[in-house]
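Numbers here are sequence positions counted from 1.
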Amino acid sequence: LGLSLSYVIALGILSQVSSIFTIRIWGRFADRYSNKTIIALGGPLYILCIIAWCFVGLFGYYGNFILLILIQIFSGISTAGINLSLTNIGLKLAPQQDAIVYLSVKNIISAIFSSISPLIGGYLADFFDKRHFDVMLQWNGPHAHRVFYLISLHQWNFLFLIGALVGLIALRLLRRVTETGEVEKDTVVRILRSAVRSNLKEYYIIGNLITFHDFLKSKIRHGTERIKRPFY
């Protein structure tokens, strides 16, 4: 997209900050309900963020930048819950007598695929380098000719779709995992929605009450200074 390195770093920081601010909420619900449910909630959100990368570059400068900001925010939110729950569920499902062996094998498998995947991704990026797939709407009239791109797949975009497909397969396999005390996904969604709504309302009201005195004082001081200011 031609963005400078400072923008790339800032977007990465935005994703990390989003993870930091939401990991406590994910942890509270993971302890209260189940890690598997948190993965089932965060997984689809992360897959949507991967798919959203396919649409980056179809808009103007500001449209692309806003989309990048949204992708980074929701990616940070989803990965915070996913990574936390993956670690917790590994500790929870580890057998008591062979917990060290179980966790070691789990980490070895994750490390192997984490190192192989970039190599495969680089090979696929070279393979799709000269291949394009476009879906567009075209309007032809006596005074105007417009082309609207709905999907434009090339090089990296193919990798995003492949990554989303792998994520969907992982979510399907997640159903085979059995966790003690598992709660239905729909139940947790309702509780999360009500909790977030009540917290936002509480923070908004309390925050305004706390800062109202300073806000009023600053307005009075500003008005007094304008009255005392001489007119020329």
Subject >> Any donor-acceptor pair under 3.5 Å from S15 side chain to L11 backbone >> reply: no
Could you tell me the separation between the [atom1] atom of [X] and the [atom2] atom of [Y], rounded to the nearest 0.5 Å?
| X | Y | atom1 | atom2 | value |
| --- | --- | --- | --- | --- |
| F128 | I162 | CZ | CD1 | 4.5 Å |
| L45 | I50 | CG | CD1 | 10.5 Å |
| I82 | L41 | CD1 | CG | 10.0 Å |

In terms of hydrophobic clustering (I, L, V, M, F, W, Y; side-chain heavy atoms under 4.5 Å; direct or indirect links), are [X] and [Y] co-clustered?
| X | Y | result |
| --- | --- | --- |
| I66 | I73 | yes |
| L173 | I89 | no |
| I69 | Y61 | yes |
| L168 | L174 | yes |
| F158 | F127 | yes |

Original post:
How is the hydrophobic cluster of I109 composed, in terms of its other members, when Ile, Leu, Val, Met, Phe, Trp and Tyr link through side-chain heavy atoms under 4.5 Å apart, directly or indirectly?
Top reply: V101, V105, F113
Over all atoms of both residues, closest heavy-atom pair of [X] and [Y]:
| X | Y | answer |
| --- | --- | --- |
| K92 | N35 | CD-ND2, 4.2 Å |
| K36 | R175 | NZ-O, 3.4 Å |
| L159 | A125 | CD1-CB, 3.9 Å |
| K106 | L86 | CE-O, 3.8 Å |
| S18 | T22 | O-OG1, 2.7 Å |
| A164 | I51 | CB-CG1, 3.7 Å |

Is there side-chain contact between [X] and [Y], with at least one heavy-atom pair below 4.5 Å?
| X | Y | value |
| --- | --- | --- |
| W26 | S85 | no |
| L48 | F74 | no |
| I71 | S75 | yes |
| Y7 | F65 | yes |
| T87 | N83 | no |
| F21 | V17 | yes |
| L93 | Y102 | yes |
| I9 | I13 | yes |

Original post:
Going through the checks in order, is the side chain to side chain contact (heavy atoms under 4.5 Å, CB included) test met by F160 and N157?
Top reply: CA-CA 5 Å; F160 296 140; N157 292 345; 3.6 Å; yes
**OP:** Pick out which of I39, L171, I77, T79 makes a side-chain contact (heavy atoms from CB on, under 4.5 Å) with Y46.
**Re:** T79
Original post:
Are more than 12 heavy atoms from other residues, nucleotides or ligands located less than 6.0 Å from atom CD1 of I100?
Top reply: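 No, CD1 of I100 has 12 or fewer neighbouring heavy atoms, counting only those of other groups under 6.0 Å.
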Original post:
Taking everything shown except Q97 itself, do over 12 heavy atoms lie less than 6.0 Å from its CD?
Top reply: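 Incorrect, the count does not exceed 12.
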Subject >> Sequence-distant partners of D126, side chain to side chain donor-acceptor pair (under 3.5 Å), two or more places apart >> reply: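 Expected list: none.
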Original post:
Do N64 and L3 pass the side chain to side chain contact (heavy atoms under 4.5 Å, CB included) test, and can you show the C-alpha distance, the side-chain angles, and the key distance before you say yes or no?
Top reply: CA-CA 11 Å; N64 289 329; L3 296 177; over 6 Å; no
